[in-house]
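First the structure, in the form of structure tokens, and then the observations on it.
Per chain, numbering begins at 1; letters A, B, ... match sequence-line order. Basis for what follows: all heavy atoms, side chains included, without hydrogens, waters or symmetry-related copies.
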Amino acid sequence: MNRNDLYDIAESWFQKQDWKPLKFQKDTWKAFLQGKHGLLNAPTGSGKTYALWFPIVLNYIKKNPQYKTKHKKGLKAIWITPLRALSEEIRQSAERVTLDLETQMTVAIRTGDTTTKARAAMKKQMPDLLITTPESLQLLLASKDYPKVFKDCTAIVVDEWHELLGTKRGVQMELALSRLKTISKDIRIWGISATIGNLEQAREVLVGTDTRALQNSTLIKANLKKKITVKSIIPKKMETFPWRGHLGLRLLEDVIPIIEKSKTTLLFTNTRSQCEIWFQNILEKHPEYAGEIAMHHGSINKETRNWVEQAIRNENLKAVVCTSSLDLGVDFAPVETVIQIGGPKGVSRFLQRAGRSGHRPGKESVIYFLPTHAIELIEASALQQAVKLNTVEDRIPYLNSYDVLLQYLTTLAISDGFYPDEIYTEVRQTFCYQTLSKDQWQWLLNFLVMGSQSLQTYDEYKKVEIEDDGKFKVNDRGIAMRHRMQIGTIVGDVNLAVRYQKGGYLGSIEEYFISKLNRGDVFTFAGRNLEFIRIKDMQVHVRNSKEKTKKISSWMGSRMTLSAQMSHLLRQELYSSFNDPKDQSPEIRSLAHIFERQRRESIVPKPNQFLIETFKTREGYHHIFYPFEGRFVHEAMGSLLGYRISLLSPITFSLAFNDYGFELLSDKEIDIQQVLDNDLFTSSFLLDDLQKSLNATEMARRKFRDISIISGMVFTGYPNKAIKMKHLQSSSQLLFEVFRDYEPENLLYQQAFTETFQHQLEEGRLRLSMERIARQEIVWKPCKKATPFSFPLITDRMSREKLSSEKWEDRIKRMTAILMKK
DNA sequence: GACCTGCTGCGGGATG
């Protein structure tokens, strides 16, 4: 049977369905049957599954011309999905193809939901096609004789690759693929990705860096333009629309007619408590919707979530208020409209959500943007542009994640064991570890066998033994079992839901804070004084209290930052306020009075200008800087600048920042002219100054918690009997301190800092924006009082200070870090 | 002068 025959089979199948195969589908079949690796860029709902299931099945037929016969054992193809919830849908389309073509291929799912019995059965007889998650794939590599399972595998497809790329789950995938490339001689690696900025790089990460594989790979783009309409909800009474806030409830009544008009509407909120508040408020104001609207987010139990998802499919719901829990996942045909409440922070996330409506080929997606405060209307305008210009973000892949590598090596050691030289070669061909040196490799091997230098006296860190022939192997069954339970790179949130006893949801809070409370203690949360009653089923029960309190809740979790693309577009829209009103977007036009007031009291910066405002209040001297670069960059830039200023003359600051700018507040006035004369925005000595200026150690400590769990140094406990998070945190803290004091060259310790600088503080972006500022004309405006631009920043700080539980000593410590000591 | 905060995702198996 030659390739043309196979094409005929595919084409005639499509004809039977009354479809026509699209160009990208045909291209994919061709490349696949030629034995190439590849990355397919296609939107959801475009028939991308058929683009790949077909060649997989056809290839199977080619190898077994009498295709009624069944293969014995061993996988023929693997389909990776990042979401368990998607697997059933995928199984159905796979089965449809295999049944229609009358092959004997078997299809099965293997995820955490698969029963022990089914897993055992699978061991004896693997299906031909397996649908699974990255974690479950690792688990297969953790079982005895795994090469037998993969030996005859001819294809692996990683669906939604853009979701994995840029995460440690993606790194885990890279490692599994590096192994499969050796075991399965005839394997093709395929990825499916939504549109992202760095598609070429996405292919390289997937396929690996060895030139042979890379040259034998292709990037296929399904050039299907999805029509997306963005409509901003502009407040009718702009004059009374708040300058800050995040809930957006003021525009609730504007949402009702939109819900009325469509079959089903999804309302995306940014946080779980915002989701609950909107849900309750809609019901309060419009009781007629009872039973017709629902809620969906991460703290809601699985059964309810499943019920909601099913109800959407059955068209039983008018509207669902949700968080990113519905970003991806099952296909909801009845959703006609999406409403985004508050800034989505990134273009891709916005488009992803828009795409949840009109989820059919050729259909239009409609998304409304509901601003929660005035300046957010600039974001609305920026999003309009983003859709017009087709802008999307990059997904930045991780480099040198030693924790994931250690986990992987332990995985190999508990199944069949591994020989370091062979695995080193494979690992070096992944994108993540392409620069891994022999020395670093040797360090990691030592770590597996002896624990690290400072842990050598503790046996629990000696997991792997070296056998006589040089094979690295785990022989202890307890170690193996615990490792299998902990495979994966997702470290769970330690947040508990806070509720009234009757069930009203208030938000989520970190366990470590609650663990310090006793029954009857009063604390402030979500703007209320609450009395702690008990913790039950991962929920904190509380009641209202009139007592005053000293214990204040705080959130260590980082908020989302504006993406680089969004920041850029936002600045462009800001500059467009200088255009003639008829050339402005309606959103910018609606802000005319705010721009006017801003100009009256200060200026709106032009493209070549960088604005600094200063003024004095009872609180002290405010110095406000506007890079418009997102909160992470502002956090870093703020403490950097504060540090550099303090070198000129001793002074202390408190730092506040949001997505638009940052504030240095002090009881002394900064001589801004001196700042300018001394070139304090220079990007030279950036990393050095940054390290000295902020509490990088504290930030790294938090990163290290995840690293210690992923690398297997800290065990998170048996299912249902989770080790108290408190203990977990203290053991990872302890390790962190040991390494800091005795073994700073420890690779995992160093990784915590690298991650802090690269991922948390976005060092690369910081450098670029400092360089941009260095080229701009700096405009310093002494003002009389807070301007429309500075107002959100100042009030945000005030409410946060009220809510900070940061210990007094910590605060002093942090302040003295900035304070110049003489 | 306006002010209720912080997303999502995964997950035992060998032996008697």
Residues two or more places apart in sequence or in another chain: which of them pass side-chain hydrogen bond (donor to acceptor under 3.5 Å, both in side chains) with A/E309? A/H296
Those residues that, when tested against A/Y398, pass side-chain hydrogen bond (donor to acceptor under 3.5 Å, both in side chains) (two or more places apart): none
Assuming nearest nucleotide by heavy-atom distance, tell me which of A/R110 and A/P242 is located more 5' along DNA chain B. A/P242
Quick check: on DNA chain B, is the nucleotide nearest A/N270 upstream (toward 5') of the one nearest A/W243, or the reverse? Name the residue that is more 5'. A/W243
Show each protein N/O and nucleotides 8-10 of chain B N/O combination with a separation under 3.5 Å, one pair to a line.
| unit_1 | atom_1 | unit_2 | atom_2 | d |
| --- | --- | --- | --- | --- |
| B/dT8 | OP1 | A/G298 | N | 2.6 |
| B/dT8 | OP1 | A/T323 | OG1 | 2.7 |
| B/dT8 | OP2 | A/R272 | NH1 | 2.3 |
| B/dG9 | OP1 | A/R305 | NH2 | 2.7 |
| B/dC10 | OP1 | A/R84 | N | 3.1 |
| B/dC10 | O3' | A/T133 | OG1 | 3.4 |

Are a donor atom and an acceptor atom from the side chains of A/R119 and A/T114 found within less than 3.5 Å of each other? no
Reckon A/R353 has a side-chain N or O less than 4.0 Å from the OP1 or OP2 of B/dC7? no
Should A/R119 be listed as having a side-chain N or O under 4.0 Å from OP1 or OP2 of B/dG12? yes
Set of residues satisfying salt bridge (charged side-chain N to carboxylate O under 4.0 Å, His left out) with respect to A/R353, sequence neighbours excluded: A/D327
Return the nearest nucleotide to the side chain of [X]; candidates are [options].
| X | options | answer |
| --- | --- | --- |
| A/S143 | B/dT5, B/dA2, B/dA14 | B/dA14 |
| A/F791 | B/dA2, B/dC3, B/dA14 | B/dA2 |
| A/T271 | B/dT15, B/dG12, B/dT5 | B/dT5 |

Integer-rounded Å distance: [N] [atom2] and [X] [atom1]:
| X | N | atom1 | atom2 | value |
| --- | --- | --- | --- | --- |
| A/L793 | B/dG1 | CG | C1' | 17 Å |
| A/K144 | B/dG13 | NZ | C1' | 10 Å |
| A/H246 | B/dC3 | NE2 | C1' | 10 Å |
| A/R349 | B/dC7 | CZ | C1' | 7 Å |
| A/M481 | B/dA14 | CE | C1' | 11 Å |
| A/E376 | B/dA2 | CD | C1' | 15 Å |
| A/K124 | B/dT15 | NZ | P | 14 Å |
| A/I794 | B/dA2 | CD1 | P | 12 Å |

Using the six-membered ring wherever Trp is involved, compare the ring planes of A/H634 and A/F662 and label them parallel, tilted or perpendicular (cut-offs 30° and 60°). tilted
Look at all strands and tell whether [X] reaches a base, only sugar-phosphate, or nothing, counting heavy atoms closer than 4.0 Å.
| X | value |
| --- | --- |
| A/R597 | base |
| A/L139 | sugar-phosphate |
| A/E239 | base |

Out of A/E613, A/E663, A/K785, which one pairs with A/H622 under the side chain to side chain contact (heavy atoms under 4.5 Å, CB included) rule? A/E663
May I have the list of side-chain donor-acceptor pairs in residues 137-145 of chain A shorter than 3.5 Å, sequence neighbours left out?
| unit_1 | atom_1 | unit_2 | atom_2 | d |
| --- | --- | --- | --- | --- |
| A/Q138 | NE2 | A/Q172 | O | 3.1 |
| A/S143 | OG | A/K123 | NZ | 2.9 |
| A/S143 | OG | A/L140 | O | 2.8 |

Is B/dG12 syn or anti, taking syn as a glycosidic angle within 90° of 0? syn
Using the test side-chain contact (heavy atoms from CB on, under 4.5 Å), find all partners of A/K616 that sit at least two apart in sequence or belong to another chain. A/Y621
